[in-house]
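The block underneath contains the structure these notes are about, expressed in structure tokens.
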Protein chains: 4
Amino acid sequence: MSQEEIIAEKKKAIFASTLELVRENGFHGTPMSLVAKKAGVAAGTIYHYFESKDALIIALYSYLRGKMAEEMLRDDDQTLDYQTRFFNLWKKHFHYFLRHTDVLYFFEQFVNSPYYERCPEKGNDRCQNIIATFLNEGMEKGFLKQMNGKLMSILVNSSVVTSAKIHLTGKVEITETELQQVAQYVWDGIRNNQGF
Amino acid sequence: MSQEEIIAEKKKAIFASTLELVRENGFHGTPMSLVAKKAGVAAGTIYHYFESKDALIIALYSYLRGKMAEEMLRDDDQTLDYQTRFFNLWKKHFHYFLRHTDVLYFFEQFVNSPYYERCPEKGNDRCQNIIATFLNEGMEKGFLKQMNGKLMSILVNSSVVTSAKIHLTGKVEITETELQQVAQYVWDGIRNNQGF
Amino acid sequence: MSQEEIIAEKKKAIFASTLELVRENGFHGTPMSLVAKKAGVAAGTIYHYFESKDALIIALYSYLRGKMAEEMLRDDDQTLDYQTRFFNLWKKHFHYFLRHTDVLYFFEQFVNSPYYERCPEKGNDRCQNIIATFLNEGMEKGFLKQMNGKLMSILVNSSVVTSAKIHLTGKVEITETELQQVAQYVWDGIRNNQGF
Amino acid sequence: MSQEEIIAEKKKAIFASTLELVRENGFHGTPMSLVAKKAGVAAGTIYHYFESKDALIIALYSYLRGKMAEEMLRDDDQTLDYQTRFFNLWKKHFHYFLRHTDVLYFFEQFVNSPYYERCPEKGNDRCQNIIATFLNEGMEKGFLKQMNGKLMSILVNSSVVTSAKIHLTGKVEITETELQQVAQYVWDGIRNNQGF
DNA sequence: AATGAATGAGGGTTCATTCAT
DNA sequence: CATGAATGAACCCTCATTCAT
């Protein structure tokens with residue numbers, strides 16, 4: 001393993017440790033000493049990789065947004081019709097959160113905390129861009145209503161997050177039927193239905 | 001002023017102080033000493049009214065949910081047609097958050113923090129119930145799609161919150177046009193459009 | 001009830017409350033607020049009767065020493081022979097502590113705390129005097145060894161306290177046999193056995 | 001100095017600081033901040049070595065009991081006759097307290113405080129065992145009265161403690177004569193004097 | 001680069017005492 | 001006299017960060 005890979009591995013271990021602890025106990029309930037122990041490194045070591053606890057949290061956010069974006073780009077079959085691609089994308093996003101519940105909780109805590117203000121990618125990460133690009137395409141081609149792209153992408157994103165949270169908290173069981181209904185609700189909201 | 005009113009006043013002062021500070025600095029960045037100073041009481045006094053910092057935060061959440069619910073119930077003219085009432089309600093909710101931005105930020109931090117787990121009203125406060133009741137009525141009368149009432153009310157609620165946050169962060173300017181569009185997006189998503 | 005009696009009653013209630021709480025939780029674990037609540041008075045009221053917490057504790061000590069002395073004086077049949085009177089006295093003292101375990105615990109905490117230094121009756125209360133007087137009589141009449149009276153009375157007193165504590169902590173079960181043995185141990189230690 | 005020795009040194013410094021302060025001001029009058037300052041460490045450092053203030057106090061008790069036991073074992077010349085050994089042991093114990101008055105005060109505060117209840121070695125430390133063993137030997141060989149060993153050892157121990165406290169408070173001056181008298185008092189109390 | 005003991009400011013909380021009612 | 005809400009100093013403890021090894 002190269003030197004760089006070793007560093008990358010260690011960073012990942014610290015990220016993983018942080019993610020899990022924040023999910024369980026929140027930012028405040030996650031001391032650096034615990035992060036270190038769970039990551040299998042010394043407390044001081046973390047400070048070789050990250051300037052401060054804040055910097056670590058923010059870096060982790062960026063890292064996770066990037067990882068999610070990667071996965072969302074996979075398997076978008078552009079030969080399919082637009083509506084089908086929308087449903088695919090929406091559900092893929094939803095299921096990503098189901099598979100990575102700690103990521104979801106981390107995101108939600110993060111964007112609703114003072115950290116977010118200090119985050120350079122605030123609202124402009126690759127993930128949001130992917131959704132925005134796709135929706136803009138739909139507007140240009142007349143499949144979707146005309147609306148500020150950013151606005152629409154945030155609404156769509158929010159619908160995914162909300163649904164995943166509902167499912168995970170168990171407040172409402174989301175079966176395949178409900179899932180389809182929610183996706184349909186979003187689609188009905190944004191699709192161009194002029195003439196009806 | 002009666003003894004009870006004095007107590008109520010003091011509780012309100014503590015609530016107001018907490019609300020403002022949490023909005024600016026988050027839960028962790030809001031020491032009790034500051035809450036006390038801003039409320040014009042001694043640190044120890046807070047503990048006559050609330051068992052702990054956690055208890056204070058949770059009580060504040062309940063209090064604010066109740067206050068918002070009160071306001072949402074006002075002026076619902078039941079003689080109007082259902083769709084109009086929906087748009088009215090949605091916009092009223094939205095504007096409430098614009099007038100009370102610190103409440104919005106507080107809610108969002110709260111529901112995405114470990115506090116929420118320990119909150120007895122978790123997902124079952126009067127505010128959610130008002131929305132749910134209204135939507136259920138719409139489903140029964142055939143104005144809306146059939147969907148799990150809880151699910152739908154959370155989605156609608158989330159659309160309001162998301163819109164208000166977009167507006168307040170200034171990421172997208174929400175003019176009256178955009179506002180109408182978003183409300184329409186939600187309405188189109190939930191309205192019964194079978195036959196089209 | 002006269003005014004004075006009312007005051008006496010209230011003082012007694014405060015004393016009783018303090019005694020019980022100190023026994024359970026120690027001085028440090030006994031806040032004035034709890035003393036007040038258990039005594040059925042307001043916190044401020046205590047300060048009408050006692051200058052401070054320290055003063056209360058010290059007054060309680062004096063009060064209890066006096067009460068115990070009273071009881072020890074009762075039933076000392078001076079017509080009996082000296083040794084019998086000694087055994088009677090020793091056992092009476094012992095049983096007093098068994099009947100009033102909280103008094104015993106209070107005494108022991110008190111005399112081993114910094115409070116004791118500030119106690120005017122430090123080592124000179126009526127209770128010690130009764131014992132000392134009785135022992136001096138024994139020395140004068142030749143029943144007991146010659147020894148500094150104060151020293152002997154403290155040793156005897158300590159034997160009673162120690163025995164009672166052993167019994168109450170259950171470290172050693174003190175049956176009537178053991179009790180007799182201990183009293184005998186003390187008697188053999190102090191009695192004039194010259195000539196043997 | 002090895003790492004372990006450094007740790008041991010630091011623990012000792014904290015112990016010494018605590019011992020001195022508790023002696024002067026009692027447990028409650030001994031804040032951790034002072035313990036730290038007197039020990040020449042930061043407040044937080046203490047918590048690397050002890051879980052809490054309670055844990056520190058309890059650990060100190062165990063440590064001191066062990067130290068005292070060590071010293072008591074030294075120089076017990078088993079070739080001497082039993083009574084001489086008894087007097088030697090008793091006086092050695094007594095003088096240990098004179099040389100280490102803060103230890104005596106600490107012990108007495110400790111065993112009469114709620115801490116003692118939570119102490120794992122409660123009444124079963126090496127020090128008590130040494131005394132008990134010696135007394136049991138005396139009973140087996142017929143030098144001492146038959147009595148529950150635990151009971152007798154507590155009584156003897158208590159006589160030492162009481163004497164030392166008398167001496168140190170200056171209530172009674174204990175000269176070599178008085179010392180001999182007290183040791184004799186104990187010996188006369190426990191020795192087998194059947195036949196007289 | 002890695003360690004982890006040490007730091008010490010700052011946090012939440014308690015509680016003896018006061019004083020307006 | 002009695003009340004008990006209010007005070008605020010002082011407590012124990014945590015934890016982000018540093019630095020000698």
**Request:** May I ask you to decide if the ring planes of F110(C) and Y116(C) are parallel, tilted or perpendicular, using 30° and 60° as cut-offs?
**Result:** perpendicular
**Request:** Hey, which sits more toward the 5' end of DNA chain E by its nearest nucleotide, I46(A) or I46(D)?
**Result:** I46(A)
**Prompt:** Over how many whole Å does the gap from I14(C) atom CD1 to dT17(E) atom P extend?
**Reply:** 14 Å
**Asked** Is there a residue in residues 29-44 of chain D whose heavy atoms reach under 4.0 Å of DNA chain F, and which residues are they?
**Response** T30(D), P31(D), M32(D), G44(D)
**Request:** Would you kindly check if the NZ (Lys) or CZ (Arg) of R23(A) is within the cone defined by 45 degrees around the ring axis of F106(A) and under 6.0 Å from the six-membered ring centre?
**Result:** no
**Message:** I need the residues from residues 50-63 of chain A with at least one non-hydrogen atom less than 4.0 Å from DNA chain F; give them sorted by number, or say none.
**Reply:** S52(A), K53(A)
**Complete:** Stems in DNA chain E, runs of 3 or more consecutive Watson-Crick or G-U wobble pairs with both distances under 3.5 Å, sorted by first number, are E:2-21 with F:2-21
**Prompt:** OP1 or OP2 of dC1(F) less than 4.0 angstrom from a side-chain nitrogen or oxygen of K10(C), does that happen here?
**Reply:** no
**Request:** Compare all side-chain heavy atoms of K11(C) with those of F50(C) and state whether any distance is below 4.5 angstrom.
**Result:** yes
**Distance, rounded to the nearest Å, where H28(D) contributes NE2 and dT14(E) contributes C1'** = 10 Å
**Message:** As an exercise, state the distance from CD1 of I14(B) to OH of Y49(B), rounded to the nearest 0.5 Å.
**Reply:** 6.5 Å
**Message:** Does dA5(F) have its OP1 or OP2 closer than 4.0 Å to a side-chain nitrogen or oxygen of T45(B)?
**Reply:** no
**Request:** May I ask you to decide if V22(A)'s main-chain N or O and Q109(A)'s side chain share a donor-acceptor pair within less than 3.5 Å?
**Result:** yes
**Message:** Donor-acceptor check, side chain of T169(C) to backbone of K165(C), threshold 3.5 angstrom: yes or no?
**Reply:** yes
**Request:** Could you tell me whether the side chain of F97(C) reaches within less than 4.5 Å of the side chain of V161(C), counting heavy atoms only?
**Result:** yes
**Prompt:** Would you say the side-chain atoms of K53(D) pair up with the backbone N or O of F27(D), donor to acceptor, closer than 3.5 Å?
**Reply:** yes
**Request:** Apply the test side-chain contact (heavy atoms from CB on, under 4.5 Å) to residues M32(D) and L56(D): give CA-CA distance (whole Å), side-chain angles for both, the deciding distance (0.1 Å), then the verdict.
**Result:** CA-CA 10 Å; M32(D) 292 297 260; L56(D) 164 60; 4.2 Å; yes
**Message:** Donor-acceptor check, side chain of T45(C) to backbone of V41(C), threshold 3.5 angstrom: yes or no?
**Reply:** no
**Asked** Which whole-number value in Å describes the distance from H48(A) NE2 to dC19(F) P?
**Response** 12 Å
**Prompt:** Between dC15(F) and Y47(D), is there an OP1 or OP2 to side-chain N/O distance shorter than 4.0 Å?
**Reply:** no
**Asked** Take atom NZ in K122(B); do more than 12 heavy atoms of anything else shown fall under 6.0 Å from it?
**Response** yes
